[in-house]
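Reading through the structure tokens given below for one structure.
Protein chains get the first letters and strands the later ones, always in sequence-line order, with residue 1 at the start of each.
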Amino acid sequence: MAEIIFLLIVVPFIAALGCLLFRIQFIRASIIIICAGLLMGGSLFLIPMIPFAYSPGSFFGVNIHEILQGADFLLLLIIFYFGIKHKNLVIQALSIFQAVMLGYLEFFLSDGGGHDVVFYCDHLSLILVLIICIIGSIICLQAIPYMKNHEAHLKIAVSRQPGFFFVMLLFLGGMNGVVLANDMKFLYFFFEVTTLCSFLLIGHDKTERATRNAVRALWMNSIGGAAFVSGLVYLYVKLGMLDMQNIIHTTPQAGIIVLPMALLCFASFTKSAQFPFQSWLLGAMVAPTPVSALLHSSTMVKVGVYLVLRIAPAIQGMFLSQCITVFGAFTFLAGAALAVGQSNGKKVLAYSTISNLGLIFACAGVNTSEAITAAIILIIFHAVSKALLFLCVGTIEQHIESRNIEDMRGLYTRMPLTALITVMGVITMIMPPFGLLLGKWMAMEAAARSFFGIIMIAMGSALTVMYWARWAGILMSDPFAGKFKLERQPVLTWFALISLSLGAASLSVVSPWIYKLGIIPAMGKDYLSSYALDFGILENSFGVFAVLPLSLVAVFGFLIAVLAVKGATRSRIVMPYLSGVQTSEPRVFRGPMNQNVIAEAGNYYLSSIFGETRLTAWINIGAVILLTLVIGGAL
Amino acid sequence: MSNTIIAIIIGFLVAPLVGGLISGLDRIITARLQGRIGPPVWQAFYDVIKLMSKESMVVNVWQAFCAYAYVSAAAIAVVLFFLKSDLLLILFIQAVGAVFLVVGALSSTSPYSQVGAHRELLQILAYEPLIILVIAGIYLETGSFKISAIYDWNQPLIFKLPFLFVALGYALTIKLRKSPFDLSTSHHGHQELVKGVLTDYSGPYLALIEIGHWYDVVLLLGFCSLFWATGAVGMLALLALTYFAEILIDNVTARMTWRWMLGYVWAMGFTLCSVNLIWVILG
Amino acid sequence: MKKMLGKIIASTRMKSPWILHFDCGSCNGCDIEVLACLTPVYDIERFGMVNVGNPMHADILLVTGTVNHRNKKVLTNLYDQMPAPKVVIAIGACGLSGGIFRDAYNVVGGVDRVIPVDVYVPGCPAKPEAIIDGAVLALKKFEVLRQQKLAV
């Protein structure tokens, strides 16, 4: 056990230092590949060991709680330093506030700690660890060729990659720490580590915009950190312990626990970039794409939803829980609406991430067995599909030098396989029988009794279909006769894209068994398992989703459709209809004076309705009101 | 087991025949409303068989993929309906078909297809939330999303969910491509977008899409049938009345813009749904 | 089996001819008459005929008016975009030969100068009855085309 915890948390830290010290491309790549392999292996080794609790007394002879205290204050000092460096008063104030609160907790309230179980791993942690270690590692591998290209493109003389990969690997260790920690002081430390990593990675390119956005991410997340540490102090004062499992399962009185839980939820909302804190996630899109994929879609933002899912059993049936439903559903709708108004591919992905996280929060708020199942399924499949889509956009961006969706028109003729994989990614986002839709289906069935919840989820779901479908459609938009010329990409890029797309598809097929083997135990004794599993069909008293049969039918249908494509390559290819004045060039017609004119058709972004400038202010106001409801309801 | 097989056969083979027949009747009734005689009742089948026999011609090979995907999704949705499966699941599978129709149209560079595809997306945006809310309302009343349980409910749902039925009517009008919502494509010849989403499909692929549309018609009438599930006579009467109302609306209204559609359908639809949902929750 | 299928196809082609109407520079006289066929008085939908707006869906190309140098390319483009089997009907004096405009400097002449024409419907303008009659004649051409294809 000690070894595996060491492997998952400390080894990435060591590998990170290795990346920083050895400044040779080949050695660095080897370190990353070895570390990725170790993490993947380690996470798989974890499977037979759970559930377990583990409290290391010392680390190389030093008391681990003292190490933590030192590291905590060091971390806050670093954040304070960045606050001074970037002349940001908010960061300075928040880091001082956190240090004071933490000092009060450590030196006045607590007696040095050591009573609480430090690490605890159950199925929920395991699911998150698997996501972090496998998807995170794949993204890090893809980052190797990506960053090489990136620096070549920016014409950077002295490579900044050592620093980049240092933070990336550090982050993986920190994430594993967050999901494995049970003592909430440790949880807080790793929580802050991810905040700092995110700040460093967003600012990696050192442009003015990158720095500005990184600072914004730091102060917004510091608000979350402040809320977190306040919640800890409150909890310790009232309960005299910070053991997560204990707190959840031995709820003394609802009245005591509700305010700290609301504060933790607030911290989660900032971490998961829910409205009105969405701007840091959008700003984070200036970072190199692997960063967006790793931090801002598949792992770090999941910390927030993970935390809320952890505490969900404790707030079951409370008003707080209902508020979270409405807040989450609102974010789902608002995120989807803003995504419709965007033509910037990465921003669409960012808003879609916010939106999906909102749906997960809504599920956690509904807090029934079906809803929690839905939330966990959404976490898993969103991580895979969104990581895939981010990597696709990154690959496309390096090739066509634009992240605008309009510029991806007819991408299939230029980058056939990447375009196909992107379409595949989109399909796994919105279509049955793939996992995300399974989750959405469960979410809707679970939320149907929440009046505001279901209305907002229904609207958000339709908007989601809209922004994905038009993107997938235009990738194929060009007359194409069926000659397939594979584009050239580095091996690691192909590995990442293909493994993630196959993973998204195959995981969906086995999702009923993921439910049975992973999610039912993850919900533990707090929720009765709802769905019965029969021939790969999930069924409960009011709903049924035939995952396996539908997957088989989908595979069959896919094969027929592919044969149809093959057949169609033999048929006559004509130019699209342009009122009879088409030329031999697609989208060019013969206009007045026999001149060629280009017929242009753009996507509808409906910016008069769903534009950022138009909606953001209103959505922020709405979100602040709902957030006040969440906190105010707890008081 | 044998019931399952029968249901699959009915869903897969009989449903499109019924759908085709309905669209034949639709054309006759429309013609009569306009003082014409109209085509034979089997006209829809003649059209499809003829299209099947025509030369295979594509703008982009992915059109073929999308046409097959559309018709299979529509067929699977209907089969699941006859298997009395989960309503929400059926809606999602139906949506797969709708999305592939859009993707297929977007795969052509013709502005007519492109604009048609986006209008189709806006139509999806208009009707999908309404159907979800209708399904949620049915669940709140009967306690199940499963059609088997809903068909066993002891009284016609329309008495408890009248406004939701009207909201479903909006969705039905959009989905059947009737005026005033026939923005993306319509059954009638000329329009400003030529044939909208269907502009660049031809021959066999157009035939497939027509068959897919028949499945869609059956599916939507199936949704309507949930509102009177206690007796065959009542159900048929409700369906006939609803469909006739659709044809009447088609003939007395003009095509409107997408802005109007989105505003009107969302405003009216959500009001109706909210009122009825609150009624059910409180009652 | 194959023979029966062929028969079915042949009969459906007769029962569902979709028409594309192209005004190739007509004075609108013939166009009005073509559209009159759709009205309750003539109601060509009785025969399954539909006026489509798109060559990709059409079986019959109905051309009114003279062909000139500007639009001859449009005419061939439309013709090329129709999936086989297809027939062409030229309508009115102008469509047949260029009519009174045939000597104008910009006029190519009748429709058959540019694309093969199967049925000629004379008149200035052609009467709706004549147009329907022409369309029925064109249907017979489908059977001829099918026999030719079988022979090959």
A:Y604 atom OH, neighbour heavy-atom count above 12 within 6.0 Å: yes
Heavy-atom closest pair, residues A:A568 and B:V58: O-CG2, 4.0 Å
Part of A:Q582 lying under 4.5 Å from any heavy atom of chain B: neither
Is the count of non-hydrogen atoms from other residues, nucleotides or ligands lying under 6.0 Å from A:E600 atom CD greater than 12? no
If you tally heavy-atom pairs under 4.5 Å between each of B:V96, B:V99, B:L262 and chain A, the highest tally belongs to B:V96
Any B:I124 side-chain heavy atom under 4.5 Å of A:M466 side chain: no
Among the listed options A:F558, A:W441, A:F556, the residue most often paired with chain B at heavy-atom distances under 4.5 Å: A:W441
Portion of A:S608 that has a non-hydrogen atom of chain B nearer than 4.5 angstrom: side chain
Select one option (side chain, backbone, both, neither) describing which atoms of B:Y127 are under 4.5 Å from chain A's heavy atoms. neither
Test item: A:W471 and B:V103 side chains (from C-beta on) under 4.5 Å apart, heavy atoms: no
Please state whether the side chain, the backbone, both or neither of A:L606 comes within less than 4.5 Å of a heavy atom of chain B. side chain
Over 12 non-hydrogen atoms of neighbours within 6.0 angstrom of CZ in A:R614: no
So do A:I573 and B:V59 actually touch side chain to side chain, heavy atoms under 4.5 Å? no
The reported gap from CZ in B:F145 to CD in A:E445 (rounded to nearest 0.5 angstrom) is 4.5 Å
Once you round to the nearest 0.5 Å, how far does CD1 of A:I560 lie from OG of B:S72? 6.5 Å
Take a 6.0 Å sphere around CD1 of B:I8 and say whether it holds more than 12 heavy atoms from other residues, nucleotides or ligands. yes
If you tally heavy-atom pairs under 4.5 Å against chain B, which of A:A448, A:A447, A:A601, A:S571 wins? A:S571
Sole residue of A:L437, A:V544, A:L550 in side chain to side chain contact (heavy atoms under 4.5 Å, CB included) with B:L89: A:L550
Decide yes or no on side chain to side chain donor-acceptor pair (under 3.5 Å) for A:Y412 and B:S107, but give the supporting numbers first. CA-CA 10 Å; A:Y412 186 69; B:S107 72; over 6 Å; no
Contact winner vs chain A - B:D200, B:L277, B:V280, heavy-atom pairs under 4.5 Å: B:D200
For chain A, which candidate among B:L80, B:I131, B:I93 shows the most heavy-atom pairs at distances under 4.5 Å? B:I93
Measure distances from B:S148 to the heavy atoms of chain A and classify the residue's part below 4.5 Å as side chain, backbone, both or neither. neither
Cut-off 4.5 Å, heavy atoms of chain A, and the answer for B:S85 is both
Can you confirm whether the side chains of A:R587 and B:Q114 place a donor and an acceptor under 3.5 Å from each other? no
Would you confirm whether B:N60, through its side chain, and A:S477, through its main-chain N or O, come within 3.5 Å as a donor-acceptor pair? no
Can you find a heavy atom in the side chain of B:E128 that is under 4.5 Å from one in the side chain of A:S461? yes
Max heavy-atom pair count under 4.5 Å with chain B, selected residue of A:W468, A:F589, A:F451: A:F451
On a heavy-atom basis, the closest approach of B:S274 and A:I455 is OG-CD1, 3.7 Å
Using a cut-off of under 4.5 Å for heavy-atom pairs, which of A:V340, A:I454, A:I430 has the most such pairs with chain B? A:I454
Toward chain A, the part of B:I132 with a non-hydrogen atom under 4.5 Å: side chain
Which atoms of B:F92 come close to chain A, meaning under 4.5 Å heavy atom to heavy atom: side chain ones, backbone ones, both, or neither? both
Under a 4.5 Å cut-off applied to non-hydrogen side-chain atoms, are A:N603 and B:H118 in contact? yes
Are B:L88 and A:F545 close enough that some pair of their side-chain heavy atoms sits under 4.5 Å apart? no
With a 4.5 Å limit on heavy-atom distance, are the side chains of A:V562 and B:F65 in contact? yes
Of B:A136, B:P111, B:A69, the largest count of non-hydrogen pairs under 4.5 angstrom with chain A goes to B:P111
What part of A:I609 gets within 4.5 angstrom of chain B, counting heavy atoms only: side chain, backbone, both, or neither? side chain
Which bit of B:Y68 is near chain A, if near means a heavy-atom gap under 4.5 Å: side chain, backbone, both or neither? side chain
Show the numbers, then the answer: is there a side chain to side chain contact (heavy atoms under 4.5 Å, CB included) between B:F100 and A:I427? CA-CA 10 Å; B:F100 271 112; A:I427 286 175; 4.1 Å; yes
Would you indicate whether A:Y605, at its atom OH, is surrounded by more than 12 heavy atoms from other residues, nucleotides or ligands within a distance under 6.0 Å? yes
Region of A:R570 that comes under 4.5 Å of a non-hydrogen atom in chain B: neither
When only pairs under 4.5 Å are counted, which of B:V102, B:L91, B:L122 shares the most heavy-atom pairs with chain A? B:L122
To the nearest 0.5 Å, atom CE of A:M476 lies from atom OG of B:S108 at 14.5 Å
A side-chain contact here means heavy atoms from C-beta on lying under 4.5 Å apart; do A:R449 and B:I281 qualify? no
Counting N and O atoms only, with roles assigned by atom type, does the side chain of B:S110 sit under 3.5 Å from a partner on the main chain of A:Y577, one being a donor and the other an acceptor? yes
How are the rings of A:F542 and B:Y139 set to each other: parallel, tilted or perpendicular (split at 30° and 60°)? tilted
